[in-house]
Amino acid sequence: MTSSAIGRLLDRAKGYVDDGDLPTCQLAVAQHGELLAFETFGDGVTNESRFLVWSITKGVFAGLVWSVVGEGLLDYEKPVASYLPEFATNGKDVVTVEQLLLHTAGVPLAPLGPPAWFASETRREAFARWRLNWEPGSRYQYHALSAGWVLAELVIEVTGGRDYRQLLTERISEPLGLTTLRLGVPDEDQGDIVDLVVAGRRATPDDFTAAGLRYPGPPVVPPEAMLILNPPAARSVGIPSAGAVSTAADIARYYQALLANPGGLWAPDVLADGTGVVRNTFVDRPKGGVPANRTRGLVVRGSHAGAERMMHFGPGTSPRTFGHDGAGGQIAWADP
């Protein structure tokens, strides 16, 4: 990484804000465990401002899952129902822990929202009502929220009832010194979180055609619907697949940790598997028909045609690049 390259990156990001394309932009670049750049652009925001990171949360929560797997508390290959009996209904008894992480569990749109999401008991009651959309393991469809809730309950179950949000802090954020990365922020601590706003216009079929891409259809979740997480109560619940808040710097530091495993935070074989072993190559149609390339928690860029579009990592990354994007306009990745 050269200072001139970083300078061009910062200038381009600032330009998007100055031109009115984005209300704010916060970004960080790290290498060999150290921040090379960390800047925040926009009115009323600073480097202390935190942002909702949406599905970047999936990659962070995967780190918590890997932690309990490494201790032998959770087995990828076991049925979810062997840990959570409520999940055994309506044919879901065959769904495995791994399938939740690979988005092949067959419950992509299973409903769970307020007020049920506020308590473990009501979340598990919701699991019992869920029905399969298709045979588990037979296809891929992005499980935007559903799989995360089940993974959270699994973590609670195998750790003797510990709160998954506190466990994320104790097992991931605190050991790595990530003081801003939290899942489930109390109302009184939300003053530094920036509200999400809808910016720009929605892409049309003609926009996709002009870019040489297949139009995937309208978004499953309209941008306006994501404003549901602006209220304090929604931020405090800590949606395990989309509700984390952080600065860009702490997200960058987290991905540096995935590269270096400081202090042996994760079992080396579990970490290597989660960051590098692709176990889901089903076609990802909304992403332009490329393979999903999912590990047990993340996405690997790969070297197939169209790989540069994987999670928006870009053409300058290597095939081993891994990470996850977020629906609110976030991108996070590390390149080994």
* Do Val68 and Arg171 pass the side-chain contact (heavy atoms from CB on, under 4.5 Å) test, and can you show the C-alpha distance, the side-chain angles, and the key distance before you say yes or no? -> CA-CA 9 Å; Val68 297; Arg171 287 176 173 251; 3.9 Å; yes

* To do: Decide yes or no on salt bridge (charged side-chain N to carboxylate O under 4.0 Å, His left out) for Asp273 and Arg279, but give the supporting numbers first.
  => CA-CA 9 Å; Asp273 175 81; Arg279 297 177 181 275; 2.5 Å; yes

* Is there a side-chain contact (heavy atoms from CB on, under 4.5 Å) between Gln190 and Ser236 once you walk through the steps? -> CA-CA 9 Å; Gln190 295 184 18; Ser236 66; 4.1 Å; yes

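For the pair Val107 and Leu132, the tightest heavy-atom approach, listed with the atom from each and the gap, is CG1-CD2, 4.0 Å. Closest of all the heavy-atom pairs between Leu178 and Tyr254 is CD1-CB, 3.9 Å. Closest approach of Gly59 and Tyr255 over heavy atoms only: CA-OH, 4.5 Å. Looking at every heavy atom in both residues, Pro336 comes nearest to Arg320 through CD-O, 3.4 Å. When all heavy atoms of Val300 and Thr275 are compared, the pair lying nearest together is CG2-O, 3.9 Å. What you find for Leu112 and Ala116 is that their closest heavy atoms are CD1-CB, 3.7 Å.
Side chain of Asp192 to main chain of Ser49: no donor-acceptor pair is present (N/O by atom type, distance under 3.5 Å, no hydrogens or angles). Side-chain atoms of Asn261 come within 3.5 Å of backbone N or O of Leu265 as a donor-acceptor pair. The backbone N or O of Trp66 sits nowhere less than 3.5 Å from a side-chain atom of Arg296 that would complete a donor-acceptor pair. Using a distance-only test at 3.5 Å, with no hydrogens or angles considered, no donor-acceptor pair links the side chain of Lys58 to the main chain of Gly148. Proximity of a side-chain donor or acceptor of Asp325 to a complementary backbone N or O of Ser55 within less than 3.5 Å is not detected. Without hydrogens or angle criteria, Ser173 side chain to Leu181 main chain gives a donor-acceptor distance under 3.5 Å. Using a distance-only test at 3.5 Å, with no hydrogens or angles considered, a donor-acceptor pair links the side chain of Lys92 to the main chain of Phe127. Although no hydrogens or angles enter the test, the distance criterion places a donor-acceptor pair under 3.5 Å between the side chain of Tyr83 and the main chain of Asp75. Using a distance-only test at 3.5 Å, with no hydrogens or angles considered, a donor-acceptor pair links the side chain of Asn90 to the main chain of Trp130. Checked by atom type and distance alone, the side chain of Gln256 pairs as donor or acceptor with a backbone atom of Gly33 at under 3.5 Å.
Residues Ser241 and Ile239 are in side-chain contact: their nearest non-hydrogen atoms beyond the backbone lie under 4.5 Å apart. For the pair Phe322/Asp335, no side-chain contact is recorded, criterion being any heavy-atom separation below 4.5 Å from C-beta on. Using a 4.5 Å heavy-atom threshold, the side chains of Leu196 and Trp54 count as touching. At a threshold of 4.5 Å between non-hydrogen side-chain atoms, the residues Ile331 and His324 do not count as touching. Counting only heavy atoms from C-beta outward, the side chains of Asp93 and Pro79 never approach each other to under 4.5 Å. Between Arg294 and Tyr140, the closest side-chain pair of non-hydrogen atoms falls below 4.5 Å. Between Thr24 and Phe41, every side-chain heavy-atom pair lies at or beyond the 4.5 Å cut-off. Counting only heavy atoms from C-beta outward, the side chains of Arg182 and Thr169 approach each other to under 4.5 Å.
Aromatic rings from Tyr215 and Phe208 are positioned such that their centres are separated by under 6.0 Å.
Hydrophobic clustering of Ile, Leu, Val, Met, Phe, Trp and Tyr side chains at less than 4.5 Å, counting indirect connections, unites Leu258 with Leu183. Linking ILVMFWY side-chain heavy atoms closer than 4.5 Å, directly or via other members, places Val185 and Phe51 in two distinct hydrophobic clusters. Linking Ile, Leu, Val, Met, Phe, Trp and Tyr whenever their side-chain heavy atoms come within less than 4.5 Å puts Trp149 and Val97 in one cluster. Linking ILVMFWY side-chain heavy atoms closer than 4.5 Å, directly or via other members, places Leu35 and Leu10 in two distinct hydrophobic clusters. When the side chains of ILVMFWY residues are joined at heavy-atom separations under 4.5 Å, either directly or via intervening members, Ile228 and Val53 end up in a single hydrophobic cluster.
Atom CG of Leu167 is separated from atom OH of Tyr164 by 11.0 Å, given to the nearest 0.5 angstrom. Summarising the geometry, atom CG belonging to Leu36 is positioned 7.5 Å from atom CD belonging to Glu34; distances are rounded to the nearest 0.5 Å. Separating the OG1 atom in Thr317 from the NE2 atom in His312 is a distance of 12.5 Å, to the nearest 0.5 Å. Taken from OG in Ser138 to CD in Gln99, the straight-line distance is 9.0 Å, to the nearest 0.5 Å. Leu298 CG to Thr295 OG1: the interatomic distance, rounded to the nearest 0.5 Å, is 4.5 Å. Expressed to the nearest 0.5 Å, how far CD1 of Ile6 lies from CG of Leu27 amounts to 10.0 Å.
For the pair Arg129 and Glu86, the salt-bridge criterion is not met [side-chain N within less than 4.0 Å of a carboxylate O]. Looking at Glu170 and Arg162, a side-chain N of the basic residue comes within less than 4.0 Å of a carboxylate O on the acidic one, giving a salt bridge. For the pair Asp11 and Arg8, the salt-bridge criterion is not met [side-chain N within less than 4.0 Å of a carboxylate O].
Side-chain contact, Thr180 with Arg50: no donor N or O sits under 3.5 Å from an acceptor N or O. One side chain, Asp207 or Thr204, offers a donor N or O that lies under 3.5 Å from an acceptor on the other. There is no side-chain donor-acceptor pair under 3.5 Å between Glu98 and Thr96. A side-chain donor-acceptor contact under 3.5 Å links Thr40 and Asn47.
More than 12 heavy-atom neighbours from other residues, nucleotides or ligands sit within 6.0 angstrom of CD on Glu188. Residue Tyr16 places its OH atom among 12 or fewer non-hydrogen atoms of other residues, nucleotides or ligands, all under 6.0 Å distant. Atom CG of Asp19 has more than 12 neighbouring heavy atoms from other residues, nucleotides or ligands inside a 6.0 Å radius.
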Identify every side-chain donor-acceptor pair in residues 150-158 under 3.5 Å, counting partners at least two apart or on other chains, and give the distances.
residue	atom	partner	partner atom	Å
Glu153	OE1	Ser120	OG	2.5
Glu153	OE1	Arg124	NE	2.8
Glu153	OE1	Arg124	NH2	3.2
Glu153	OE2	Ser120	OG	3.2
Glu153	OE2	Arg123	NE	2.7
Glu153	OE2	Arg123	NH2	2.8
Glu157	OE1	Arg124	NH1	3.0
Glu157	OE1	Arg124	NH2	3.1

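Classified by interplanar angle (parallel below 30°, tilted 30° to 60°, perpendicular above 60°), the ring pair His103/His143 is perpendicular.
The only member of Asp187, Asp189, Asp195 that meets salt bridge (charged side-chain N to carboxylate O under 4.0 Å, His left out) when paired with Arg235 is Asp195.
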